[in-house]
There are 2 protein chains.
Amino acid sequence: MLLTDRQLLILQVIVDDFIRSAQPVGSRSLSKKDGISLSSATIRNEMADLEELGFIEKTHTSSGRVPSEKGYRYYVDHLLSPQDLTQHDISIIQSIFAEKIFEFEKIIQRSASILSELTNYTSIVLGPAVSVNKLKKIQIIPLNKETAVAIFVTDTGHVENRLFSLPPSVHAGDLEKTVNILNDRLNGVPLEDLNDKIYKEVAMLLRQHIHNYDLMLHTFAQLLKMPITEKLFFAGKTNMLSQPEFHDLTKIRDLMTMIDQEEWISNIIRNNSKGIHVKIGSENNNKIMDDCSLITATYSVGEEKLGSIAILGPTRMEYSRVISLLQLLSKDLTAVLTKLYQNN
Amino acid sequence: MLLTDRQLLILQVIVDDFIRSAQPVGSRSLSKKDGISLSSATIRNEMADLEELGFIEKTHTSSGRVPSEKGYRYYVDHLLSPQDLTQHDISIIQSIFAEKIFEFEKIIQRSASILSELTNYTSIVLGPAVSVNKLKKIQIIPLNKETAVAIFVTDTGHVENRLFSLPPSVHAGDLEKTVNILNDRLNGVPLEDLNDKIYKEVAMLLRQHIHNYDLMLHTFAQLLKMPITEKLFFAGKTNMLSQPEFHDLTKIRDLMTMIDQEEWISNIIRNNSKGIHVKIGSENNNKIMDDCSLITATYSVGEEKLGSIAILGPTRMEYSRVISLLQLLSKDLTAVLTKLYQNN
DNA sequence: GTTAGCACTCATTAATCTTGAGTGCTAATT
DNA sequence: AATTAGCACTCAAGATTAATGAGTGCTAAC
């Protein structure tokens, strides 16, 4: 199944052209292109071969050709022209990191926004996996007689907080003691293990030192029972509405509804190893995404993968550009975060 | 411009019917309705009058009638049948508050989701105005030699946090002293005034007690320069896609893009006094919302307004139901929050 | 191996027709 | 005087038909 150079050229031009115009590409228009000096008849012959091999398709008997999924796949794997980021693109990406005071969520959200602006597709960023972060400090701050807020800080600087009702009969001193014990014992424990640990290691200590041991344990266990899932950040959800392949309302509705299924999206994106991944059409294993491609990248701290960035667009996506953008952003995010957190 | 009872009845039935079916209402179908025992001809006469008065309109010369904006306005002001929440609705709303540990954002987000599920419209909830909350406590937690996280807790239990680079030459003791001074001086100050206050009242004290006074002041001033805007929570954005009045793609796109303009939405919703407000079509002063109605309610702590809840739907909205739902949710949210925060 | 030429296909658009729900008006009825 | 039946008229929406043109496959000549 080896393609001749001429076939490769024609395939590449067809894909490029279709990505640009969203219109089926005909033999005549191809023959007029710079870089191709063949008659339309010759091209028709080659296109017939390419179709037989499954790389391109017709939308109806007498239409021009459109890349098939296999065609896109081949294009992505072998025919991508590597680079086309402008200086402008690059400086916009870098502007994400301009501020000195970091609010991590803002950076992530900004990344998503800028990515969707630059590409006109939908961007999805999966926040860091907080639940594997290690506890640095617990603090309890009473607001009034009955209410207090509990604050959990991780080694990465992530802050979780919960409002809770103070058990009515609790001593201020006991509360402080308990917090001290917790900090002493739970420092460095991943958030997801806190609930376990508090029963296994802290319960006993509490019993020895605290008056109302039972109530206190229960209160804190409640607080620590936190199913922390990574937050998802979207931007440019509406960009899909402008893509000509989605002029069908029911398609749009299905797609939008699917995008709003956060857990589902989250799963797809999370379970990717480091590096760039391209899923084309049905490779996404979802009927609704048959006309979509999803390109994912990851960002890390040092060598440890932290979260993911993704772009969702039509299969007729500007693969080359999107991949370059994701590579750049992934690299920059990783660099900034690594610098920030490395030396713990 | 007084309407006869019969005209009121007919207007009400037309609006109710159109809200249900989205189809222009004809004289014949009206005459067949229970509660109306008039011939179609009579109804045609009455409808002609109602049209002359501006309460209903035709979509074309020989079509049935559709409520005009004025018609909806009259309907909302005078003809609403008050109640139609089922026990089911009520218990779903109350399920929002089932959990004991409060993460305020989750409650708000859940409110939005449930509201949009119950109504099939888009719901928008404006989070509490944090910037008027008063500072309760500042804490600095160093993560490593170079980075620390600053935590600000308000009297309402809201927690803000910022990651920042520690000035390289800073003493641990000085840092602690500074934080103490800040807590001493800034307790009870609304967040929005912090930046002012630090220059006016804290700067001098710092100079007296702290070594590297200049650097420290600058660092904290940076941290406190926080433009905290209320967060917006959306749910059911896609519900609009299912409304028959929006089968037009460009309309949908405009609407969706508008919804994504968070500041704009935020302004509209924020500037409402307590109670329920109904804005119909062009009353929203925005071309894109000419076919939409926006119903807003507020939630409070005690007497003080805290935030807003809104439902965005087509002008052909189930006003009665939506208003009842918003009233209920507003009441419950206020009750829960008041109980939680009242006694500061 | 390449190209010109020709018959054929089919999506798209515009033009025409048909149908039916609904109206306004007038004259008859209550 | 209010109500209703009857009739002519209007217009959106859907179906049918026709015209156009971009594009193809195939064959025969180069």
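If you're wondering where the values come from, they're calculated on a predicted model, not measured in any experiment. Just so we're on the same page: letters track the sequence lines, and every chain starts at 1.
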For the [atom1] atom on [X], are there more than 12 heavy atoms of other groups (residues, nucleotides or ligands in this structure) within a distance under 6.0 Å?
X	atom1	answer
B:R73	CZ	yes
A:K237	NZ	yes
A:H88	NE2	no

Problem - Donor-acceptor pair present, A:R65 side chain and D:dG25 base, under 3.5 Å - result: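 Between D:dG25 and A:R65, which were checked side chain against base, a qualifying N/O pair under 3.5 Å is absent.
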
Problem - Base of C:dT9 paired with side chain of A:S62 (donor-acceptor, under 3.5 Å) - result: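 Check passes, donor-acceptor contact within cut-off.
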
From [atom1] of [X] over to [atom2] of [N], roughly how many Å is that when rounded to an integer?
X	N	atom1	atom2	value
B:E52	C:dG24	CD	P	10 Å
A:N45	D:dC26	CG	P	9 Å
A:Q7	C:dT2	CD	C1'	15 Å
A:R44	D:dA22	CZ	P	14 Å
B:D49	C:dT23	CG	P	14 Å
B:M47	C:dA21	CE	P	15 Å
B:E46	D:dT3	CD	P	7 Å
B:I56	C:dG22	CD1	P	14 Å

Problem - N or O in side chain of B:T61 less than 4.0 angstrom from C:dT23 OP1/OP2 - result: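 False: B:T61 side-chain N/O out of range (4.0 Å or more) of C:dT23 OP1/OP2.
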
Practice task
Examine C:dT2: is either OP1 or OP2 under 4.0 Å from a nitrogen or oxygen in the side chain of A:R6? Give yes or no.
Solution key: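 The answer is yes; a side-chain N or O of A:R6 sits under 4.0 Å from OP1 or OP2.
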
Handout entry: Note, A:L3 side chain near A:Y74 side chain (heavy atom, < 4.5 Å)
Key =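 Yes, at least one pair of side-chain atoms sits under 4.5 Å.
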
Exercise for the section: Side-chain contact test, heavy atoms from C-beta onward, threshold under 4.5 Å: evaluate it for B:N120 versus B:E318 and give yes or no. Expected result: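 Side-chain contact under 4.5 Å: no.
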
Practice task
Check DNA chain D against residues 9-42 of chain B and give the residues with a non-hydrogen atom under 4.0 Å, in numerical order.
Solution key: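 Only B:L38, B:S39, B:A41, B:T42 qualify.
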
Practice task
Among C:dA11, C:dG24, D:dA12, find the nucleotide with the atom closest to the side chain of B:H60.
Solution key: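 Within the option list, the nearest is D:dA12.
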
Problem - Nearest listed nucleotide, side chain of A:K58, among C:dC10, D:dT24, C:dG24 - result: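 For the A:K58 side chain, the nearest candidate turns out to be D:dT24.
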
Handout entry: Residue from B:I93, B:I90, B:I309 passing side-chain contact (heavy atoms from CB on, under 4.5 Å) with B:L325
Key =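 Among B:I93, B:I90, B:I309, the one meeting side-chain contact (heavy atoms from CB on, under 4.5 Å) with B:L325 is B:I93.
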
Exercise for the section: Identify which one of B:S27, B:S31, B:S39 satisfies the side-chain hydrogen bond (donor to acceptor under 3.5 Å, both in side chains) criterion when paired with B:R44. Expected result: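 Among the candidates, only B:S27 passes.
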
